[in-house]
There are 2 protein chains.
Amino acid sequence: MQIPSSSITRLSIYYRALLSLKDAALISSQELSDFTECSASQIRKDLAYFGQFGRPGCGYPVEDLKRELKKILGVDKDWDVALVGAGNLGSALLAYKGFKGQGFNIKHAFDNDTRKIGKVKQGIRIRDIEDLKKVIKSSKIGMAIVAVPQEAAREIIDRLVSSGIKAILNFAPARPKVPTGVELLNIDLSMELERLTYFLKRVRA
Amino acid sequence: MQIPSSSITRLSIYYRALLSLKDAALISSQELSDFTECSASQIRKDLAYFGQFGRPGCGYPVEDLKRELKKILGVDKDWDVALVGAGNLGSALLAYKGFKGQGFNIKHAFDNDTRKIGKVKQGIRIRDIEDLKKVIKSSKIGMAIVAVPQEAAREIIDRLVSSGIKAILNFAPARPKVPTGVELLNIDLSMELERLTYFLKRVRA
DNA sequence: TAGATTGTTAATCGATTAACAATC
DNA sequence: TAGATTGTTAATCGATTAACAATC
């Protein structure tokens, strides 16, 4: 069965809510609904896609549910990540504490700027982009973050795909095509701001 | 009529596609579909929410459509933006070229770290967070970007709202509640990676 | 047992797609 | 005029919500 991608996003939200919940042993879908602003019905439905984690009449055991959600989301173990582009944004991502906290470790960083290559940031030595394929293949890394300028995005993403990368988080304002079997998630920061200006224009009018 | 927010996201996609289209005078929904991977039917529908921009039998005049989309999205004029948090991520956003290119100008930046306050980055002097309300009220800025640590997010966002900010792009991994009339868009970077690991886990299995 | 809450099915709602009359 | 393509309505599809039997 095809599970809606909005369900997956919500599973992350549920998981975050449970993390900030230290004391309780059980939580009902209604209580979780109060925290997350998703409907209780929807929470039960989303969870039911993956199994039966609750006890009728009682609710969901918090610790068990946390563990199950970690498994479902794939964060029950750490992931190695490659970063391409060590400019302002790339360097900020390299330093981002939130990744390590969730088990995401940036293991390799690449750039094409000779002034950056060889420098060490956050304990990671910036490598020549030309070594991309070799390093990724030998380290068997499956996911990459792209923080290169727009004009370089297409080529970089092609190279990542041909190096065996299966999942890409792309911050370049471009929407390159990738073969099926490769997941590309685009975050275009200007586009996000545009959604806000669309809204602003309306409330102001 | 309530227009689906996915339509707005697509309007941004169409607009970007048109920008990269220098030569043509007219474009059909089918041609735009080829560029954007949205269906022709959907493109016509999305545009029809806002007016009649095409000519039956011919297609859409590219320049006119660009101008209309700019108006709809609210990017026909520049917007001033406030940035809160001048750490790694905040500084990267301050330096981000893509914003200026789309007419978004970060006019003020704030932090609570005395080592950062007073420093100038990208021509912007970092100000004390305590001056937030005063500066925002007097400059009549409507939108803000939040790049503070998780534990500070709630308070900062409350302060932005009470200063009159109507639209917030939040990078802190938190989902604070805001009153209706204020638009909050959360970008949680770890959550985005989780969507990728969910996918990776499935293709690998 | 009585009360509470899950898991699941059916009903509703909304968004996408298909079809086609209008028209350039 | 004939061909092409829009704008719009109707049909389909999928996701959310409501309801309730099962069960702790």
Side-chain angles (χ1 to χ4, degrees), chain A residues 1-15 17-18 21 24-69 71-72 175 195 198-199, chain B residues 1-15 17-18 21 24-69 71-72 175 195 198-199:
Chain A
M1 181 195 21
Q2 183 55 37
I3 293 149
S5 94
S6 48
S7 287
I8 308 309
T9 305
R10 284 192 301 266
L11 291 184
S12 279
I13 295 173
Y14 307 154
Y15 177 59
L18 293 178
L21 202 85
L26 287 163
I27 189 168
S28 69
S29 55
Q30 185 51 56
E31 287 170 300
L32 195 49
S33 168
D34 296 337
F35 286 113
T36 58
E37 293 177 289
C38 303
S39 78
S41 200
Q42 187 160 64
I43 290 171
R44 295 201 299 278
K45 189 112 223 263
D46 287 338
L47 295 174
Y49 284 129
F50 297 94
Q52 306 189 156
F53 308 125
R55 282 190 305 210
C58 307
Y60 298 89
V62 174
E63 286 310 315
D64 292 6
L65 187 54
K66 260 193 234 173
R67 198 172 42 246
E68 292 293 342
L69 285 173
K71 251 201 280 181
I72 294 165
R175 308 175 74 79
R195 290 175 55 181
Y198 169 81
F199 168 82
Chain B
M1 181 196 20
Q2 183 54 37
I3 292 148
S5 95
S6 47
S7 287
I8 308 309
T9 305
R10 284 192 301 266
L11 291 183
S12 278
I13 295 174
Y14 308 154
Y15 176 59
L18 293 178
L21 201 86
L26 287 163
I27 189 167
S28 70
S29 56
Q30 185 51 57
E31 287 170 298
L32 195 50
S33 169
D34 297 337
F35 286 112
T36 58
E37 294 176 289
C38 303
S39 77
S41 201
Q42 188 159 62
I43 290 170
R44 294 201 300 279
K45 189 115 225 263
D46 286 339
L47 295 174
Y49 284 128
F50 297 94
Q52 307 188 156
F53 308 126
R55 281 190 306 208
C58 307
Y60 298 88
V62 174
E63 286 308 316
D64 292 6
L65 187 54
K66 259 193 235 173
R67 196 171 45 243
E68 291 293 343
L69 285 173
K71 253 201 278 182
I72 294 165
R175 309 176 71 79
R195 290 173 56 180
Y198 169 81
F199 168 82

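Lettering of chains follows the sequences in order, A, B, ..., and the numbering in each one begins at 1. This structure is a prediction, so every number in the text was calculated from the model and none was measured. The basis for the numbers below is simple: all heavy atoms, side chains too, and nothing from hydrogens, waters or symmetry mates.
Remark: Q52(B) is not in phosphate contact with dG7(D), judged by side-chain N or O atoms under 4.0 Å from OP1 or OP2. The shortest distance between the side-chain N/O atoms of S29(B) and the OP1/OP2 oxygens of dT5(D) is not below 4.0 Å. Put simply, S39(B) has a side-chain N or O that comes within less than 4.0 Å of OP1 or OP2 on dT17(C). In terms of phosphate contacts, Y60(B) brings a side-chain nitrogen or oxygen within less than 4.0 Å of OP1 or OP2 of dG7(D). Proximity of S6(A) to the phosphate of dT16(D): a side-chain N or O atom is located under 4.0 Å from OP1 or OP2. The side chain of R10(A) places an N or O atom within less than 4.0 Å of a non-bridging phosphate oxygen (OP1 or OP2) of dT16(D).
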Check the pair Q30(A) / D34(A) against side chain to side chain donor-acceptor pair (under 3.5 Å), numbers first and verdict last. CA-CA 6 Å; Q30(A) 185 51 56; D34(A) 296 337; 3.1 Å; yes

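With a 3.5 Å ceiling on both atom-pair distances, the Watson-Crick or G-U wobble partner of dA4(C) is dT23(D). Using the Watson-Crick or G-U wobble rule with both distances under 3.5 Å, dA10(D) pairs with dT17(C).
Atom pair F53(B):CZ and dC24(C):P shows a separation of 17 Å (rounding to whole Å applied). Atom CD1 in I3(B) sits about 15 Å away from atom P in dG14(C), given to the nearest Å. For the pair I43(B) CD1 and dT8(D) C1', the interatomic distance rounds to 16 Å; values are reported in whole Å. Per the geometry, CD belonging to E31(A) stands 14 Å off C1' belonging to dT6(C), to the nearest Å. One can place CD of Q2(A) at 13 Å from P of dT16(D), the figure rounded to the nearest angstrom. In this entry the distance linking CZ of R44(B) with C1' of dT9(D) reads 12 Å, nearest Å. Atom CD in Q30(B) sits roughly 13 Å away from atom P in dT17(C) (whole-Å rounding). The distance from atom CG of D46(A) to atom P of dG14(D) is 17 Å, rounded to the nearest whole Å.
The number of heavy-atom neighbours closer than 6.0 Å to CZ of F53(A), taken from other residues, nucleotides and ligands shown, is above 12.
Here the OG atom belonging to S29(B) is positioned 11.5 Å from the CG atom belonging to D46(B), to the nearest 0.5 angstrom. Rounded to the nearest 0.5 Å, atoms NZ (K66(B)) and CG (L21(B)) are 7.5 Å apart.
Closest approach of I43(B) to T36(B), counting heavy atoms only: CD1-OG1, 3.9 Å.
In terms of position on DNA chain D, the residue among G57(A) and A48(B) whose nearest nucleotide sits closer to the 5' end is A48(B).
Looking only at side-chain heavy atoms (C-beta outward), S12(B) and Y198(A) stay at 4.5 Å or farther from each other.
Across all strands, R55(A) comes closer than 4.0 Å only to sugar-phosphate atoms, never to a base (heavy-atom distances). S28(B) comes within contact range of the sugar-phosphate backbone alone, with a heavy-atom separation under 4.0 Å but no base atom that close. Looking at heavy-atom distances under 4.0 Å, S41(B) makes contact with a base.
Of the candidate nucleotides dG7(D), dT17(C), dT9(C), dT9(C) has the atom lying nearest to any side-chain atom of K45(A). Picking from dT16(D), dT5(C), dG7(D) the nucleotide with the shortest atom distance to the side chain of P56(A) gives dT5(C).
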